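First comes the structure, then the notes that go with it.
All values reported here derive from a predicted model rather than from experimental measurement.
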Amino acid sequence: MSADERPLPARLHRPPVSGGTYTLVYEVPEPVTLSVGALGEWTLPAGGYAYTGSALGSGGFTRVDRHERVAAGTHDTRHWHVDYLGGHPAVSLVGDERLPDRDAECAVASALADGPVPGFGASDCDCTSHLARYPDLEAAREAVRAVLAEI
C-alpha cells in the first residue's frame with residue numbers, strides 16, 4: 001500500500017474548525033516536581049488534572065496537537081506553562097475536550113476545581129489558575145464534561 005492509499009488516523013477526521021476553547025486532561029500517577037518557568041518549582045500530588053486554554057489564533061486547534069507532541073516526547077520546546085506538566089515523563093495526557101468556535105477559556109477554568117499552582121496558564125487574565133486538580137483521573141474527566149455541558 002502506498003503512502004497515498006493509507007487511511008488517515010481517526011483523529012484527523014475531526015470536522016474542520018478554526019479553533020475555540022479546549023481542556024486537556026492529564027493523569028499524574030505519583031507526585032511530581034516541576035519547574036514551571038517564572039512560576040518556579042512546584043510539587044504536584046498524584047491525581048487527575050485539567051488544563052484549560054484557548055486556540056483562537058490562526059492555527060486554531062493545532063495548538064492541541066502541539067501539546068500532544070510535547071506529551072509524547074516528540075516536541076521538546078516548553079513555551080506554555082502546561083508544557084512543563086505535559087512534558088514530564090511520569091505524566092500522561094489522556095484526552096481533550098473542546099468547545100469549537102467559543103471563547104470560554106476563563107469561564108471553564110473558573111468553573112473547575114482549584115489548582116495547586118496559582119497563576120498556572122493565567123498570566124494573561126485575572127483567573128487564579130487554569131490548572132485544576134482532582135483526586136483521580138475519572139473525577140477530572142467527569143468534572144470537565146459536566147462544566148463543558150453547562151457552558
Side-chain angles (χ1 to χ4, degrees), residues 10-11 14-151:
R11 66 183 270 277
R14 289 184 177 155
V17 190
S18 61
T21 300
Y22 63 90
T23 301
L24 305 173
V25 180
Y26 292 93
E27 182 175 31
V28 178
E30 60 192 45
V32 297
T33 300
L34 308 173
S35 180
V36 186
L39 296 178
E41 191 169 284
W42 291 85
T43 299
L44 304 183
Y49 287 79
Y51 169 79
T52 303
S54 63
L56 298 167
S58 61
F61 283 124
T62 60
R63 180 173 291 185
V64 175
D65 298 335
R66 183 192 173 284
H67 294 316
E68 289 174 352
R69 290 193 308 276
V70 169
T74 60
H75 188 86
D76 292 330
T77 304
R78 306 294 189 259
H79 183 71
W80 290 283
H81 292 152
V82 73
D83 292 335
Y84 296 94
L85 174 64
H88 191 285
V91 174
S92 298
L93 174 59
V94 296
D96 69 86
E97 298 287 337
R98 303 175 187 200
L99 287 175
D101 300 321
R102 300 272 310 274
D103 183 3
E105 177 182 10
C106 292
V108 172
S110 297
L112 292 171
D114 290 333
V117 183
F120 193 103
S123 56
D124 59 351
C125 67
D126 293 329
C127 294
T128 303
S129 179
H130 282 214
L131 180 66
R133 180 189 176 272
Y134 293 88
D136 57 52
L137 176 61
E138 202 49 46
R141 283 181 167 157
E142 289 175 16
V144 168
R145 289 180 185 137
V147 166
L148 293 183
E150 294 294 320
I151 298 284

key: Expected output: side-chain H130 to main-chain A122 donor-acceptor under 3.5 Å   = no

query = Can you find a heavy atom in the side chain of V82 that is under 4.5 Å from one in the side chain of F120?
reply = yes

request  = Hey, could you give me the CG/NE2 distance between D83 and H88, rounded to the nearest 0.5 Å?
outcome  = 14.0 Å

request  = Starting from the C-alpha separation in whole Å, work towards a yes-or-no answer on side chain to side chain contact (heavy atoms under 4.5 Å, CB included) for L34 and E41.
outcome  = CA-CA 5 Å; L34 308 173; E41 191 169 284; over 6 Å; no

request  = Answer yes or no: is there a donor N or O on one side and an acceptor on the other, between the side chain of S92 and the main chain of V94, under 3.5 Å?
outcome  = no

inquiry  = Counting C-beta onward and ignoring hydrogens, is there a side-chain heavy-atom pair between L24 and E68 closer than 4.5 Å?
reply    = no

query = If we only count heavy atoms from C-beta on, is the V91 to E27 side-chain gap below 4.5 Å?
reply = no

query = Does any non-hydrogen side-chain atom of L44 lie less than 4.5 Å from one of R133?
reply = no

ask   = Taking C-beta and beyond as the side chain, do R66 and W80 meet within less than 4.5 Å on heavy atoms?
value = yes

ask   = Which class fits the ring pair Y51 and Y22: parallel under 30°, tilted 30 to 60°, perpendicular over 60°?
value = tilted

key: Interatomic spacing from CG in L99 to CD in E105 - rounded to 0.5 Å   = 11.5 Å

ask   = Looking only at heavy atoms, what is the nearest atom pair of P31 and T43, with distance?
value = CB-CG2, 4.4 Å

ask   = Taking the side chain as C-beta and beyond, is there a heavy-atom pair between R145 and E142 under 4.5 Å?
value = no

key: Beyond-backbone contact of T128 with D114, side-chain heavy atoms, under 4.5 angstrom   = no

note = Note: A50 and V144 closest approach over all heavy atoms is CB-CG2, 3.6 Å

request  = Could you tell me the separation between the CG atom of L131 and the OG1 atom of T52, rounded to the nearest 0.5 Å?
outcome  = 9.0 Å

query = Going from OG on S18 to CG on D101, what distance comes out if it is rounded to the nearest 0.5 angstrom?
reply = 4.5 Å

note = Between L112 and A132, the two heavy atoms sitting closest are CB-CB, 3.8 Å

request  = Would you indicate whether the side-chain heavy atoms of V25 and L137 approach each other to under 4.5 Å?
outcome  = yes

message = Once side chain to side chain donor-acceptor pair (under 3.5 Å) is applied, do any residues pair with H81, and if so which ones, sequence neighbours excluded?
response = none

key: Sidechain-backbone polar pair: Y134 side chain, A113 backbone, donor-acceptor under 3.5 Å   = yes

message = Does the Lys NZ or Arg CZ of R98 fall within the cation-pi geometry relative to F61 - under 6.0 Å from the ring centre and within 45° of the axis?
response = yes

query = Where is the tightest heavy-atom contact between P118 and P116, given as atom of each residue plus distance?
reply = CD-O, 3.6 Å

task = Examine distances only and state if a side-chain atom of T23 and a backbone atom of E97 form a donor-acceptor pair shorter than 3.5 Å.
result = no

ask   = Atom CG of L93 and atom CZ of R69: how far apart are they, to the nearest 0.5 Å?
value = 12.5 Å

query = How long is the gap from CZ on R102 to CG on L148, to the nearest 0.5 Å?
reply = 9.0 Å

note = Residues A55 and R63: closest non-hydrogen pair is CB-CB, 4.4 Å

query = Taking only residues two or more places apart in sequence or in another chain, which ones pass side chain to side chain donor-acceptor pair (under 3.5 Å) with T21?
reply = none

